[in-house]
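Just below is one structure, and these are the notes that go with it.
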Amino acid sequence: MLLLEKNAMTEEIELLVKKHGNSRSALLPILQDIQRKHKYIPDFAQQEIARLLDIHPVEIYSVISFYAFLNTHPKGRNIVRLCQTITCDLAGKENVAKAIERELGIKFGETTKDNRITLEYVNCLGMCDQGPALLVNERVYPKVSPEKAIQILNEIK
Amino acid sequence: MEKKNRSGAVIFSPYVKGEAVKKVVSMKREDVLFDLRESKLKGRGGAGFPTATKWTLVAAAASTEKYIVCNADEGEPGTFKDRVLLLEYPELVFDGMVIAGYVIGAKLGIVYLRGEYEYMLKSLEDYLETMRKENLLGKDIAGKTGFDFDIIIRLGSGAYVCGEETALIESLEGNRGEARNRPPYPVNTGFMGKPTTVNNVETFAAVSHIVIKGGAWYCNHGTDKSTGSKLFSVSGDCEKPGVYELPWGTKISELLELVGAKNTKAVQVGGASGFCIPKTQFDRALGYEDAATGGSIMIFNESRNMLHVLKNFMEFFVEESCGQCTPCRIGNTKLLEGVEMIEKSEFTFGYINKLKELGKTMQVASKCGLGQSSPNSFISILENFKEEIFNSGGSHGK
């Protein structure tokens, strides 16, 4: 990280601490805000949060590693998650998955070379009556067919 | 937030925003608790703990700081009733939380919304803002001097186990969502070590109706031990999947007919952590005394491979086990391996029986509800569909 980027990150975290408070219970909202913006939580950010909340950096890492939606390594600009739980599975998730993999040329768990999309599976999205369901960043798409899935992905910048 | 045309006996019956809050501030706390006790309302998340008992314990706890937590971490596969309630009936849920605040003497309510539902966050926060403007939240609510209460929303980050109330509290406190030992229970030592009541979204919605219409009215619905109605999230092989409000005591066969399910082979009641019920038992009734459920009903027709269903459930639990206690962490992995052995026809019946024993050990030895209930589907599917699973000679289609 460049010094300039570090300073910007520190400033950002200071603002987040002002917004959410500096108690331990503010940790998750702070991490979520950083994750939303940067798509991951860099080492430096973890250290700065630890300093400002006065807890050990290992604690921050421990919390990040627990939650599926938080990560310590960079991901694509957009995270596309396909529900893999049973009703979406029975509704044809496999065909959607194969179509997406073919179209993007990557497997689930990978990121496209242009850093546009990271592809992941997710457990039950609560759209079981309208499967298969696709979550693009925080937006959910119901009843996704292979064709519709590709259409949705093509619209992502 | 648009309302769909839904109708039902209790939850989906007519209700005007704020009416229960305006009524409750003129009532004595004991009277509200009395109504709740009379209604025999039980927790709608699935565990079925009497709501009146929980609230009485928190109300009686000696502390100046108390909390109300709404468990909207709806992660059980096949459950989506809370999504419908929050999107279409937020007034019922939030009014119920304000009532809890009044009865218990809390100043703050926290909604723990699962990360997957982040798309609702904006509309819910806007809704809370309108409540503040209408004096249904904030200071001196509904003109009652000294009754201050506010609601905030906190997001989860994709961890199923956080639906367990002590894991949820850990998560709210900024920790890994690992379940705590109980006792002490959250009613004494909850969020920030203060007395806390954690209730399901649907429980709060039921409370709003009970305050308006009374506990006796609520008891008119359902059965003797399971009063009132329940929202069922119906998915899988049927013509009309969706959320249905039905009285407790409804038979599975009646529900199947209502949703247009044909050639049904099995019904998974209670989600991945629930039980799989075969055709021969479709006359069983939904309720705490028979087929208990948090509302998840997944329907499988004759074309479905039950071993494939079971494998999907076990993969789910292996991923979602938090890993802090051994029975759940190792147990679920072993059960999944067992399913894969059956899939490849590389099993012995001796070993599968040992795995069922292991499942029973997990049910008593796991620390929280996840590991205690994850063997349910393993045991019930292998028991109820043994002919299909073991007699197919290793040829498992989809």
Taking every heavy atom of S235(B) against every heavy atom of C128(A), the minimum-distance pair comes out as CB-O, 3.4 Å
Using side-chain heavy atoms (C-beta onward) and a distance below 4.5 Å, is Q130(A) in contact with F80(B)? no
Side chains of F66(A) and N175(B): closer than 4.5 Å at any heavy-atom pair? no
More than 12 foreign heavy atoms under 6.0 Å from CG of D54(A): is that the case here? no
Once rounded to the nearest 0.5 Å, what's the spacing between atom CZ of R114(B) and atom CZ of F69(A)? 7.5 Å
Side chain, backbone, both or neither of Y117(B) within contact of chain A (heavy atoms, under 4.5 Å): side chain
Less than 4.5 Å apart, side chain to side chain, heavy atoms only: is that true for E138(A) and E116(B)? no
Can you tell me how far OG of S25(A) sits from CD1 of I169(B), rounded to the nearest 0.5 angstrom? 12.5 Å
Report the option among S65(A), S62(A), C83(A), A91(A) that has the most heavy-atom pairs separated by less than 4.5 Å from atoms of chain B. S62(A)
Minimal heavy-atom distance between G177(B) and Y67(A), with the atoms involved, is N-OH, 3.3 Å
Contact check, side chains of S157(B) and Q32(A), non-hydrogen atoms, under 4.5 Å: yes
Straight-line distance of E315(B) CD to N123(A) CG, nearest 0.5 Å: 9.5 Å
Value rounded to 0.5 Å, distance of CD1 in I299(B) from CG in L90(A): 11.5 Å
So with a 6.0 Å cut-off around NZ of K143(A), is the heavy-atom count from everything else above 12? no
Counting only non-hydrogen atoms closer than 4.5 Å, does S171(B) touch chain A with its backbone (N, CA, C, O), its side chain (CB onward), both, or neither? both
In terms of heavy-atom proximity below 4.5 Å to chain A, should R176(B) be classed as side chain, backbone, both, or neither? both
Greater than 12 external heavy atoms within 6.0 Å of E11(A)'s CD: no
Please test I86(A) against F300(B) for side chain to side chain contact (heavy atoms under 4.5 Å, CB included), starting from the C-alpha separation and ending with a verdict. CA-CA 10 Å; I86(A) 191 69; F300(B) 305 115; 4.0 Å; yes
Most chain B-contacting option - heavy-atom pairs closer than 4.5 Å, from R139(A), Q84(A), Q35(A), E59(A): Q84(A)
dist L172(B):CG -> L27(A):CG (nearest 0.5 Å) comes out at 12.5 Å
Side chain to side chain contact (heavy atoms under 4.5 Å, CB included) between Y160(B) and C124(A), intermediate numbers included: CA-CA 9 Å; Y160(B) 166 77; C124(A) 195; over 6 Å; no
Contacting moiety of C238(B), where chain A heavy atoms sit under 4.5 Å: neither
Please state whether the side chain, the backbone, both or neither of L155(B) comes within less than 4.5 Å of a heavy atom of chain A. both
Which residue out of D237(B), V309(B), V243(B), T79(B) racks up the most heavy-atom pairs below 4.5 Å with chain A? V309(B)
When the 4.5 angstrom heavy-atom criterion is applied to V234(B) and chain A, the contacting part is backbone
Charged N-O contact under 4.0 Å between R83(B) and D129(A): yes
Can you tell me which portion of E178(B) sits under 4.5 Å from chain A's heavy atoms? Options are side chain, backbone, both or neither. both
Around atom OH of Y61(A), are there more than 12 heavy atoms of other residues, nucleotides or ligands at under 6.0 Å? no
If I take atom OH from residue Y112(B) and atom CG from residue L28(A), how far apart are they, to the nearest 0.5 angstrom? 6.0 Å
